[in-house]
Amino acid sequence: MNSLVLFRPLTIAIVTTCLVGSVAAPVQADCGCSAPYRVSCQTVWEERQVTAYKIEHETVWQPRQTTSYRPVYETEMRERRYTVARPVQETSEREEHYTVMRPVTETFMQDASYDRVRTVSETAMTEQRYVVAKPVMETQEREQRYMVRRPVMETAEQEVMRTVLQPVTTYRTQYVDQGQFIDRSTTQPGGVVNQVFTNPGGCVTDPQTGCPVFQPATSVVAPVKLPDRVQVCKVWQPNVIAQQIPQTSMVQRVVAEKVPVQVCRYVDQEVVQKVPVQVCRMVEEQQVRQVPVTVARDVVEHIDRKVPIQVCKMVPQEMVRRVPVVSYKTITEEKVEQIPVQTCRMVAVQQTVQVATCVEKRVPITYTYRVPRTVMMKIPLDAAPAVESIQSSDGQSRYIHGW
């Protein structure tokens with residue numbers, strides 16, 4: 001809320017004397033007075049008060065009744081009717097005719113005479129000559145040649161490649177910020193406020209009567225600019241410096257070395273050896289022996305035989321039987337069932353809430369301004385010098401004497 005300073009309205013006349021020409025000519029008065037006078041043009045500043053209205057916005061919290069709906073769940077029983085199809089079993093008998101093949105067995109005699117062949121064995125002696133091979137063992141010497149591989153050890157130098165790790169130092173460039181905090185000032189311009197200045201009172205000449213009157217002190221509101229405000233804050237000033245950081249790494253290097261190696265070499269050598277060998281030699285010899293021989297002779301005999309044979313033949317026969325038949329028929333029935341149903345009902349709830357409303361308010365402000373007006377004044381020539389009031393640039397009134 002802005003603070004307002006209200007001043008009592010004062011009527012202040014600031015008179016500025018304007019002389020017509022360098023020297024005013026004396027003029028005789030028409031009112032019957034014999035005193036000469038001169039006419040002087042003066043500018044009178046009249047103060048006028050004006051009331052203006054400033055718009056201000058204010059937030060007002062007003063209670064308001066609101067209605068909201070909340071769900072209320074209720075369970076109620078509802079009746080549901082439905083139709084059920086129930087099967088009904090019925091048993092009946094029906095006559096079924098069918099044909100059965102009945103076996104009929106018949107017996108008759110069949111001639112099964114056959115000839116039987118009988119073998120008769122007869123034994124006789126037969127002379128048989130055959131050759132027999134008899135083994136004869138003999139010892140002989142055989143020359144056996146074979147190759148023998150003899151090892152020969154030799155020392156040779158072999159070049160071996162070996163990998164070794166050798167340290168290597170490299171340098172890496174790293175940038176480091178070695179800055180610091182410095183003080184930095186920020187100037188914020190000062191605001192403009194209204195300040196009251198007082199004009200001291202004094203004696204002034206009344207433009208109507210020409211007599212000196214006392215003018216009281218007045219107060220004037222003028223805008224004044226506040227001094228600027230300087231704020232000092234800490235600010236980081238960067239200073240990036242490059243640094244060389246050594247790094248040691250192991251690098252692999254291949255080194256060749258001469259290593260003595262024992263080499264085993266095999267030399268082939270032929271060896272001759274005499275080995276005794278047992279040799280079996282077969283000698284043929286003819287022999288004679290008596291072998292009994294059995295001779296088989298076939299003798300045919302006729303045998304008479306009668307065999308009974310049963311023949312089964314199928315004779316059709318018609319038969320009747322009663323078969324129970326089960327039939328189903330559907331009977332429709334109406335059933336009633338109670339079902340719990342959950343329903344939702346909206347219930348109104350009254351509540352009071354605070355609603356923010358922006359209210360526009362007009363505040364009256366009264367200020368004073370001056371309006372110039374030219375006044376023609378008659379000044380006697382033998383009167384005291386006029387006192388004129390001027391307004392200086394600093395808001396103070398200055399009074400000067402003039403004719």
Side-chain angles (χ1 to χ4, degrees), residues 57-124 126 291-361:
H57 296 276
E58 183 180 358
T59 301
V60 179
W61 294 88
Q62 297 179 356
R64 180 179 296 177
Q65 293 288 335
T66 60
T67 303
S68 61
Y69 295 88
R70 62 182 181 86
V72 176
Y73 295 92
E74 297 178 353
T75 302
E76 62 179 11
M77 302 300 292
R78 292 185 181 178
E79 188 179 79
R80 186 180 67 174
R81 297 179 177 272
Y82 58 94
T83 303
V84 179
R86 183 171 59 85
V88 177
Q89 178 180 353
E90 295 182 354
T91 303
S92 61
E93 289 186 354
R94 62 182 176 86
E95 195 176 66
E96 183 179 352
H97 295 266
Y98 62 96
T99 301
V100 177
M101 302 299 292
R102 186 170 59 85
V104 177
T105 304
E106 296 180 355
T107 303
F108 61 93
M109 301 302 291
Q110 182 179 3
D111 187 5
S113 299
Y114 61 92
D115 293 336
R116 183 174 63 180
V117 178
R118 185 167 59 86
T119 302
V120 179
S121 299
E122 295 178 356
T123 303
T126 305
V291 178
V293 177
T294 301
V295 178
R297 185 169 55 87
D298 294 333
V299 177
V300 179
E301 296 179 356
H302 183 75
I303 298 175
D304 295 330
R305 181 184 177 187
K306 297 291 184 178
V307 179
I309 297 177
Q310 290 185 352
V311 178
C312 180
K313 63 179 180 179
M314 306 301 290
V315 177
Q317 181 180 358
E318 185 178 359
M319 302 186 68
V320 179
R321 64 180 178 184
R322 291 190 169 274
V323 179
V325 178
V326 178
S327 61
Y328 293 89
K329 69 177 181 178
T330 302
I331 299 177
T332 303
E333 295 180 357
E334 184 179 2
K335 288 190 176 183
V336 180
E337 182 181 4
Q338 298 292 332
I339 300 177
V341 178
Q342 188 176 14
T343 60
C344 178
R345 181 169 56 89
M346 305 303 291
V347 179
V349 177
Q350 298 286 339
Q351 60 181 357
T352 304
V353 296
Q354 297 291 332
V355 179
T357 305
C358 185
V359 178
E360 180 180 309
K361 183 172 61 175

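Residue numbers run from 1 in the order of the sequence given.
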Residues two or more places apart in sequence or in another chain: which of them pass side chain to side chain donor-acceptor pair (under 3.5 Å) with Q350? T67
Holding to side-chain contact (heavy atoms from CB on, under 4.5 Å), I want the full list of residues that pass it with E95, two or more places apart in sequence or in another chain. H97, V320, R322
E360: partners by side chain to side chain donor-acceptor pair (under 3.5 Å), with sequence neighbours left out: none
Using the side-chain contact (heavy atoms from CB on, under 4.5 Å) criterion, which residues pair with V72? Sequence neighbours excluded. R70, E74, R345, V347
Is there any salt bridge (Lys or Arg N to Asp or Glu O under 4.0 Å) pair reaching into residues 97-114, and which pairs are they, with sequence neighbours excluded? E106-K313
Residues that S327 engages under side-chain contact (heavy atoms from CB on, under 4.5 Å), provided they are two or more places apart: E90
Distance-only check: which donor-acceptor pairs under 3.5 Å involve side-chain atoms of residues 116-124, not counting sequence neighbours?
{"residue": "R116", "atom": "NH2", "partner": "E301", "partner atom": "OE1", "Å": "2.9"}
{"residue": "R118", "atom": "NE", "partner": "E301", "partner atom": "OE2", "Å": "3.1"}
{"residue": "T119", "atom": "OG1", "partner": "D298", "partner atom": "OD1", "Å": "3.3"}

Between E337 and the options R78, R81, R80, the salt bridge (charged side-chain N to carboxylate O under 4.0 Å, His left out) test singles out R80
Tell me every residue that passes side chain to side chain donor-acceptor pair (under 3.5 Å) with Q342, counting only those two or more places apart in sequence or in another chain. none
Suppose we screen for salt bridge (charged side-chain N to carboxylate O under 4.0 Å, His left out). Which residues come up paired with R94, at least two apart in sequence or across chains? none
Listed partners of C344 passing side-chain contact (heavy atoms from CB on, under 4.5 Å), at least two apart: P71, Y73, M346
With sequence neighbours left out, what residues match T352 under side chain to side chain donor-acceptor pair (under 3.5 Å)? Q65
Check whether any side-chain heavy atom of C358 lies under 4.5 Å from a side-chain heavy atom of E58, and answer yes or no. no
Would you tabulate the side-chain donor-acceptor contacts of residues 302-311 under 3.5 Å, counting partners in other chains and residues two or more places apart, or write 'none'?
{"residue": "H302", "atom": "ND1", "partner": "D115", "partner atom": "OD1", "Å": "2.6"}
{"residue": "H302", "atom": "NE2", "partner": "D304", "partner atom": "OD1", "Å": "2.9"}
{"residue": "D304", "atom": "OD1", "partner": "S113", "partner atom": "OG", "Å": "3.4"}

Heavy-atom closest pair, residues Y69 and A348: CE2-CB, 3.5 Å
